[in-house]
Amino acid sequence: MANIILLGPPGAGKGTQAKRLVDARGMVQLSTGDMLREAKTSGTDMGRRVAEVMERGQLVTDDIVIGLIGEKIAKGSRGGFIFDGFPRTLPQADALGDLLAAKGQGLDAVIEMQVDDAALVARITGRSTCGNCGAVYHDVTHPPKIAGVCDACGSHDLRRRADDNEDALKTRLMEYYKKTSPLIGYYYAKGQLSAVDGLADVETVATAIASVLDKA
Ligand code: AP5
């Protein structure tokens with residue numbers, strides 16, 4: 001069992017690799033982005049406020065995401081957790097350490113996925129996601145076999161995210177460099193950080209992550 005963080009800017013490939021680890025290793029993916037998108041559809045005031053913040057590309061407040069993650073950690077996971085998009089600030093990182101310690105656990109690896117900004121724009125503006133099963137596609141690098149139909153579940157509900165446009169992406173990148181990138185130093189100082197080349201193809205990135213996990 002291993003608990004790991006996939007750390008990287010928007011479009012680095014965190015979700016793509018997390019889904020592969022779920023299939024390959026029986027780990028549980030905890031994506032705060034997915035949880036917040038679910039909360040958006042709840043029709044509550046909180047859901048509407050979260051939707052506005054996300055569509056602008058800004059970060060949602062720490063207390064909301066820490067609360068969501070705390071509920072999931074409390075349920076436990078036999079294969080370990082993949083933290084995808086969490087933590088994103090230093091207070092979130094401290095809270096994660098405390099939540100895991102309360103269960104007698106810790107982090108086994110923090111994997112930084114390095115991708116340059118130009119590639120991120122191309123990845124984000126070409127992405128679509130299946131509204132039924134969450135499979136992720138890209139118009140150029142990974143299109144579905146039949147246009148508009150999900151390979152995994154056959155659904156015709158392939159969607160673009162509301163924040164996947166160049167304007168929101170600029171804000172998302174600024175938020176990443178200002179508030180999330182300090183976590184690279186935070187985990188380096190704890191001896192937990194490993195970097196992988198996120199510009200490589202999906203298989204090569206998966207092999208690099210597997211090799212970090214096998215040594216953890
Ligand atoms: P979130 O949903 O976490 O989005 P993100 O971090 O911006 O990351 P993405 O999901 O956009 O990208 P990814 O790295 O998963 O890439 P993917 O695998 O899809 O967060 C959204 C918003 O929610 C935030 O802006 C914020 O408002 C809020 N939020 C979430 N968590 C929060 C927190 N902890 N605190 C506060 N607010 C929070 O890949 C992208 C594309 O590239 C795909 O098309 C894919 O097919 C393609 N691709 C992937 N890998 C490769 C490869 N190796 N080669 C070529 N193409 C590839």
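Start at 1 and go down the list; that is how both ligands and their atoms are numbered.
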What do the steps show when you test Asp197 against Gln114 for side chain to side chain donor-acceptor pair (under 3.5 Å), and what is the final call?
-> CA-CA 5 Å; Asp197 176 12; Gln114 299 177 328; over 6 Å; no
Between the side chain of Lys14 and the main-chain N/O of Pro9, is any donor-acceptor distance below 3.5 Å?
-> yes
Check whether any N or O atom of Arg172, backbone or side chain, sits under 3.5 Å from an N or O atom of ligand 1, and answer yes or no.
-> yes
With backbone taken as N, CA, C and O and side chain as the heavy atoms from C-beta onward, which portion of Thr129 lies under 4.0 Å from ligand 1: side chain, backbone, both, or neither?
-> neither
Look up atom OG1 in Thr16 and atom NE2 in His142, then write down how far apart they are to the nearest 0.5 Å.
-> 7.5 Å
May I ask you to say whether Arg123 pairs ionically with Asp164, meaning some side-chain N is under 4.0 Å from a carboxylate O?
-> no
Could you check Leu183 against Leu7 for side chain to side chain contact (heavy atoms under 4.5 Å, CB included), going step by step and ending with a plain yes or no?
-> CA-CA 9 Å; Leu183 299 184; Leu7 181 64; 4.3 Å; yes
Quick one: closest heavy-atom pair of Thr171 and Gln58, and the distance?
-> CG2-CG, 3.9 Å
Consider every N or O of Ile124 and every N or O of ligand 1, then say whether any pair is closer than 3.5 Å.
-> no
Below 4.0 Å from any atom of ligand 1, is there a heavy atom belonging to Gly126?
-> no
Proximity of Ala18 to ligand 1 by residue part, where a heavy atom lies under 4.0 Å | neither
Minimum-distance protein heavy atom relative to atom 43 (C) of ligand 1 | Val136 CG1, 3.6 Å
Name the option, out of Thr180, Ile66, Thr16, that contains the heavy atom nearest to atom 17 (P) of ligand 1.
-> Thr16
Please identify which atoms of ligand 1 are closer than 4.0 Å to at least one heavy atom of Val202.
-> 50 (N), 51 (C), 52 (C), 53 (N)
Under 4.0 Å to a heavy atom of Gln92 - the qualifying atoms of ligand 1, by number | 33 (C), 34 (N), 35 (N), 36 (C)
Options Gln58, Lys40, Arg37, ranked by nearest heavy atom to atom 26 (C) of ligand 1, top entry = Gln58
In this structure, atom 8 (O) of ligand 1 is nearest to the protein heavy atom Lys14 NZ, 3.2 Å
Could you tell me which atoms of ligand 1, counted from 1 in the order shown, lie closer than 4.0 angstrom to a heavy atom of Thr141?
-> 56 (N)
Under 3.5 Å side-chain donor-acceptor pair for Asp157 and Ser155 | no
Check against side chain to side chain contact (heavy atoms under 4.5 Å, CB included), Arg20 and Glu203 | CA-CA 10 Å; Arg20 294 179 66 110; Glu203 283 303 326; 3.1 Å; yes
Hey, does Asp84 come in under 3.5 Å of ligand 1, counting only N/O atoms on both sides?
-> no
Walk me through it: do Met54 and Arg37 pass the test side chain to side chain contact (heavy atoms under 4.5 Å, CB included)?
-> CA-CA 9 Å; Met54 289 175 80; Arg37 277 183 285 280; 3.8 Å; yes
CA sep, side-chain torsions, deciding dist, call: Asp117, Tyr177, side chain to side chain donor-acceptor pair (under 3.5 Å) | CA-CA 11 Å; Asp117 289 1; Tyr177 291 119; 2.5 Å; yes
Do you know the tightest heavy-atom contact between Leu199 and Ala119?
-> CD2-CB, 3.5 Å
Ring-face cation contact, Tyr176 with Lys178, 6.0 Å cut, 45° max | no
Run the side chain to side chain contact (heavy atoms under 4.5 Å, CB included) check on Phe83 and Leu96 step by step: do they pass?
-> CA-CA 10 Å; Phe83 297 99; Leu96 176 60; 3.6 Å; yes
What part of Leu59, side chain from CB on, backbone N/CA/C/O, both or neither, has a heavy atom under 4.0 Å from ligand 1?
-> both
Identify the protein heavy atom lying closest to atom 33 (C) of ligand 1, giving its residue, its atom name and the separation to 0.1 Å.
-> Arg88 CD, 3.3 Å
Should Gly11 be listed as contacting ligand 1, given a heavy-atom distance under 4.0 Å as the test?
-> yes
Looking only at protein heavy atoms, identify the closest one to atom 22 (C) of ligand 1 and say how far it is in Å.
-> Met54 CE, 3.7 Å
State, without any angle test, whether Asp214 and Ser211 hold a side-chain donor-acceptor pair at a distance under 3.5 Å.
-> no
Proximal atoms of ligand 1 relative to Gly15 (non-hydrogen, under 4.0 Å) | 13 (P), 15 (O), 18 (O)
Numbered in order shown, the ligand 1 atoms found under 4.0 Å of a heavy atom of Asp201 are 53 (N)
Shortest protein contact, atom 19 (O) of ligand 1 (heavy atom only) = Arg127 NH1, 2.6 Å
heavy-atom search around atom 53 (N) of ligand 1 in the protein gives Ala200 O, 2.8 Å
Approximate separation, where rounding is to 0.5 Å, of Glu52 CD and Lys40 NZ | 11.0 Å
Among all protein non-hydrogen atoms, which one is nearest to atom 28 (C) of ligand 1, and what is the separation to 0.1 Å?
-> Leu36 CD1, 3.6 Å
When you measure from atom 54 (N) of ligand 1 to each heavy atom in Arg123, Lys19, Glu55, which option holds the nearest one?
-> Arg123
In ligand 1, which numbered atoms sit nearer than 4.0 Å to a non-hydrogen atom of Gly85?
-> 31 (N), 32 (C), 33 (C), 34 (N)
Does any N/O atom on Asp164 come nearer than 3.5 Å to any N/O atom on ligand 1?
-> no
Between Lys170 and Glu175, is there a salt bridge with N-O shorter than 4.0 Å?
-> no
What protein heavy atom sits nearest atom 10 (O) of ligand 1, and how far off is it?
-> Arg161 NH1, 3.0 Å
Could you say whether the N/O atoms of Gly13 and ligand 1 ever approach to under 3.5 Å?
-> yes
